[in-house]
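Notes follow once the structure below has been shown.
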Amino acid sequence: MRKIHIFDTTLRDGEQVPGAKLNKAQKLEIAQQLAKLGVDVIEAGFPCSSPGDLEAVRGIAQQVRGPAIAALARAVKEDIDIAWEAVREAQRPRLHVFLGSSDIHIQKKLRSDRSKAVEMAVEAVKYARSLCPEVEFSTEDGSRTEYEFLCRIIEETIKAGACVINVPDTVGYALPEEYGDLIRRLRESVPALDKVLLSVHCHDDLGLAVANSIAAIRNGADQVECTINGIGERAGNASLEEIVMVLKTRAENYRTTTDIVIKELYRTSRMVSRIMNIPVQPNKAIVGSNAFSHSSGIHQDGVIKDRTTYEIMKPEELGIKQQTIVLTARSGRAALRHRLAELGFSLDAQTFERVYGRFIDVADRKKEIGAEDLQSIVEIEVSKVPETYKMHSMQIMSGNKMVPLASVTLERDGEVFTDAATGNGPVDAVFKVIERITTTSGKLIDYDLKAVTMGRDALGEAMVRVEIGEVIYSGIGSSPDVIEATARAYLNAYNRFFANGGAQKAQSPAGEKE
Ligand code: KIV
Ligand code: ZN
C-alpha cells in the first residue's frame, strides 16, 4: 500500500472564501482538530496577507504538534521572510512558495517571460531552503502550462532544493484522464521527481476536483492538497473527506493508504462549517445530512433487512453516531453527560452548565432532543464569544394582514434593556430592535436557515454574516423557533464585533431599562 500524504489547506485556500476569515483562536481550534484528524500537513495561512494571519499561523506553529505546518509565500524574498517568521517555531515547518508557470500567468499577471520566471522560482526556492529544510514549490496554473516548460521549471526548482513539487489545476479546467496523464508523463520525463514528493491541488470549477485528484493519485501523485467540505476559492477545492473515503472504500483499486482517522471526519466537517459559517449542502457526499438517510420505502425496507443493500460506508465509522438514549426535558445532568460522552464531547464544568441550561430551554419546547440537536447546541455554546449582550426574551407579532412587530429584551452586565420595532417582516423587525438596543447597525450580507433534523418540531439553525464597519462578522444560533434562532445568530455576530474591540466604540445601550 502506497501512502498518500494529505495536505490540508482549509485554513489557507478554504479561508479565501468571502466572509470566512477567521481570527487566531478560531484558526487554532480548527488546526487542533486537523491534527487529531491525522492530516500530514496543515497549510495554516498566507502570512504576508495580513498581520492577523501572521499571528494566527505563528500561534498554530507554536501549539499544534503532529502535522507539518506550512505557510504560503509568493516567490519573493519579503513574502518568504514573513512566512518563515510565522512557521519557524513549528515542530516541522514548511515553506510553500508558488509562482504562475503558464504563459497566461507569466505574460498577463507577472508581465514577464519564461526565462525570468524560472530564475525567479529558483532564487525563491534557494532562499526559502536557506531558512527552512522543507520547501514546497507550486507551479501555479500548472495544468495549463506548456509541457516542456513545466518539466524545466520543475527540474530547476528541485535542483534549487524543493522537496515537494505541486502541480495545481488552479482554475479547475483539467479533465481526469488528461490530468492523470500529465502526472504520469511528468514522472517519466523528470526522473528527479522520484527524489521528492509530487503533489496535486485541484479546484472544482467543473465539479471534477476530486476525480482529478484521484486520477493523479492513480498515476503517481504522492500528496493531495484538499480542504474540509471542499471549501475554497470560487467553486472550492477537492474535498478531503471525499478523497479519503474513495481511497478507503475502493482500496483494492488504488492500493493506497492515508493516515486519516476516519472517525474524526464528521466532527471536523461540522466544526469547519460552524466556525467558518459555511453550511454543508444536505446531499454532500460523506458528510451531508442526507448522506446516510434513506427516504424511499424500498430503500428503507432494504436497509432494515441489511444495511449493505443501500450503504457502501458505515456512518458510525465516520463518527456519525447512532442514538442510544432519548433525551427529553425530564432528562437530568447525568443523562445529558452520558449522551455527550457518546457523541465524543468532553466539556469543562462551566461549558457543561451552559449547555445544560440551553438544553433544558430547548427541550421544554421540543419533545425529544436528538444527536443533531445536541450537536448544534454544544457547538454553538462551545464556540460562543464573550456575550456582551445576552438574549433575555423576545416576542413577535406577525401575520399576512399586519405590520410585524418585535419586542426584544437583552441583558448587558446584569441589566436588562427592552425595545420594540416594526419591520417588513419579523426578521427585519427583530434585527432593528437588536440594532437599537446595541446602538450599532450592520448590513446583513448572508442569511441561511436550516432544520437540524427532520420533522415539524425540528430545531432551526441560523447562520448570518453581518458587515459592521468594514468587517464581516459571522453568527450562529439555534432554537425550535426559527425567528429566535435568527435573532440569536444576529446577536452572536454583534457579540463577535464587540469582542473584537467594537464594545469600546459602542455607546450605552438604548431601550428602556428595567
Ligand atoms: O490554486 C492554486 O494554484 C493555489 C496555489 C497557491 C497552490 O492555491
Ligand atoms: Zn488553490
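Whatever order the structure lists ligands and atoms in, that order sets their numbers, starting from 1.
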inquiry  = I'd like to know if E134 pairs up with R92 as an ion pair, taking the criterion as any Lys NZ or Arg NE/NH1/NH2 lying under 4.0 Å from an Asp or Glu carboxylate oxygen.
reply    = yes
key: Sub-4.5 Å side-chain heavy-atom contact between E29 and I275   = yes
request  = Below 4.0 Å from any atom of ligand 1, which residues have a heavy atom? Give them in chain and number order, please.
outcome  = R12, D13, H96, F98, S138, E140, N166, P168, T170, H201, H203
request  = Output the atom name for the N/O/S atom of D13 with the smallest distance to the Zn ion (ligand 2).
outcome  = OD2
message = If you take the centroid of each ring, where Trp contributes its six-membered ring, are H96 and F7 closer together than 6.0 Å?
response = yes
ask   = So does D222 pair up with R187, basic N to acidic O under 4.0 Å?
value = yes
Ion pair E264/R267, N-O distance below 4.0 Å = yes
key: Any pair counted as salt bridge (charged side-chain N to carboxylate O under 4.0 Å, His left out), so long as it reaches residues 152-174, sequence neighbours left out   = E156-K159
task = Mind reading off the angle at the Zn ion (ligand 2) between the NE2 atom of H203 and the NE2 atom of H201, rounded to 10°?
result = 100°
query = Side chains of S239 and E241: donor-acceptor distance under 3.5 Å anywhere?
reply = yes
